[in-house]
J.: 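Below is a structure I'd like to ask you about.
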Amino acid sequence: MTNACISGTGFYVPPRTVTNDDLITNYGIDSTDEWIRQRTGIEARHFAEEGVGSAELGAHAAKDALADAGIEASDLDLIIFATLSPDFAFPGSGVLLQERLGLNEGPNAKHVPALDVRNQCSGFLYALTTANAMVRSGASKHVLVVGAETHSAALDLSTRGRTVSSLFGDGAGAVIVSATEEDRGIRSAHIGADGSHAETLCQKIWDISKRPFIPLNDEGVGQVAPEYMYAQMDGRMVFKHAVAKMSAALRRACDEAGTTIDDIDLFFFHQANLRINQYVAELLKLPAAKVPHNIERYGNTTAATLPILLAEAVDDGTLVPGKKIAMVAFGSGFTWGASVIDW
Ligand code: ACO
């Protein structure tokens, strides 16, 4: 039977580090390192320079993952790009990444299809679930799954926006999902959604039901009010639902994989907030050593947190073949997902 496994991982973060103190000193945000650290665990994040967008960050991570898998871009059958900060409203960042991989050049151009996934913090697990289905069905042999975000361009980096802007950072992670006849790989991939909370965490920018969809000023220039331009979040509501849904999704993914929480060697949690993850770990009685984290260095990179965390664990030798791992994420939508993998 054909299984789907992760045959390569990669990641990239832009070089500029922005500490909590930098948010205060360089952007004039009324906050303290202690406030941010205590409530979120975040110490620093990376911000891309102007001119760099999500497709470019994703391309760096994708090339890293292709090299790790030992395949060429032309071996890919599908690209899935998960992001909430796409380069443009359309086309999606998937085609921009495809072009950056040089797939359309020369006589042997391979016009690999590119799909964008818009599921925010759960985007990587929605994309992975899709890749798993495509590989197991025989439709694809190698699928590139990328999560990439350029949050820094769209954060309200002022005291007004501090609750949201202190949480997010830029970065990209990528995996190659490949067919294998070996008895290993993705054992379960569970995803869910509850659209009754669509407005609890959202960044609207426009309202397509309005004519025109962005209000115009007297000169006919579109004007976006701050509450539409920047993400709005009921943080406490997100926190409460995240803890409940992440623990339930993890249990469900283990059930579907025919395994138990105790049998999992390593838990990869979406890096939204260290406190959320500590609550979930406590609830499920997980030893801290089984739950790696890097939010202190990168903040919340949304669709990129899980592939970055995986790639770092591979690089530092924590994640090696034979380990049984579980991943889980929760975020805007609300949407969530969890997966169990025999690595
Ligand atoms: N520095 C200093 N003060 C701040 C900051 C900041 N960065 N941000 C907010 N405050 C202030 C608020 O203005 C408010 O002040 P006020 O009482 O004078 O009005 C006070 O702190 C309390 O604000 P709350 O929003 O009630 O703070 P809370 O204790 O809920 O913490 C937080 C906010 C950290 C966002 C918390 O709600 C949380 O972690 N929620 C989870 C949300 C999350 O992780 N989202 C990530 C995206 S979704 C996902 O990936 C799952």
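Everything numeric in this text was worked out from a predicted model, so none of it was measured. Numbers for residues simply follow the sequence, beginning at 1. Order of listing sets the numbers, starting from 1, for every ligand and every atom in it.
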J.: Quick check: His270 with Phe330 (ring centres under 6.0 Å apart)?
T.: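 Distance test on ring centres: not under 6.0 Å, no.
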
J.: Establish whether atom 32 (C) of ligand 1 and some protein heavy atom are separated by less than 4.0 angstrom.
T.: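 Protein heavy atoms within 4.0 Å of atom 32 (C) of ligand 1 - there are none.
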
J.: Yes or no, since that's all I need: does a protein heavy atom fall within a distance strictly under 4.0 Å of atom 26 (O) of ligand 1?
T.: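 It does; a protein heavy atom is within 4.0 Å.
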
J.: Can you tell if the side chain of Asp207 reaches within under 4.5 Å of the side chain of Tyr228, non-hydrogen atoms only?
T.: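 Counting from C-beta outward, Asp207 and Tyr228 do come under 4.5 Å.
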
J.: Can you check whether a protein heavy atom sits less than 4.0 angstrom from atom 17 (O) of ligand 1?
T.: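 False for atom 17 (O) of ligand 1.
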
J.: Side chain or backbone, does Gly235 bring an N or O within less than 3.5 Å of an N or O on ligand 1?
T.: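 Indeed, backbone or side chain, Gly235 has an N or O that close.
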
J.: What donor-acceptor contacts under 3.5 angstrom involve side-chain atoms of residues 90-110, with partners at least two apart or in another chain?
T.:
from   : atom 1 : to     : atom 2 : distance (Å)
Ser93  : OG     : Asp87  : N      : 3.1
Ser93  : OG     : Asp87  : OD1    : 2.7
Gln98  : OE1    : Asn104 : ND2    : 2.6
Gln98  : NE2    : Asn104 : OD1    : 3.4
Gln98  : NE2    : Val112 : O      : 3.2
Glu99  : OE1    : Asn104 : ND2    : 3.0
Asn104 : OD1    : His111 : ND1    : 2.9
Lys110 : NZ     : Ser74  : O      : 2.9
Lys110 : NZ     : Leu76  : O      : 2.7

J.: Answer yes or no for atom 50 (O) of ligand 1: protein heavy atom present at a distance under 4.0 Å?
T.: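 Within 4.0 Å of atom 50 (O) of ligand 1, protein heavy atoms are found.
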
J.: Which bit of Ile29 gets closer than 4.0 Å to ligand 1, counting heavy atoms only: side chain, backbone, both or neither?
T.: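 Ile29 to ligand 1: no contact under 4.0 Å from either part.
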
J.: Under 4.0 angstrom from atom 40 (N) of ligand 1, is there any protein heavy atom?
T.: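 Under 4.0 Å from atom 40 (N) of ligand 1, at least one protein heavy atom found.
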
J.: Please name all residues satisfying ring pair (Phe, Tyr, Trp, His ring centres under 6.0 Å) with Phe267, sequence neighbours left out, ordered by chain then number.
T.: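 Scan of Phe267 (ring pair (Phe, Tyr, Trp, His ring centres under 6.0 Å), adjacent residues dropped) gives none.
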
J.: Are Arg275 and ligand 1 in contact, using a heavy-atom cut-off of under 4.0 Å?
T.: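 No heavy atom of Arg275 comes that close to ligand 1.
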
J.: Give me the residue, atom name and distance of the protein heavy atom closest to atom 11 (C) of ligand 1.
T.: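 Nearest protein contact, heavy atoms only, for atom 11 (C) of ligand 1 is Arg162 NH2, 3.5 Å.
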
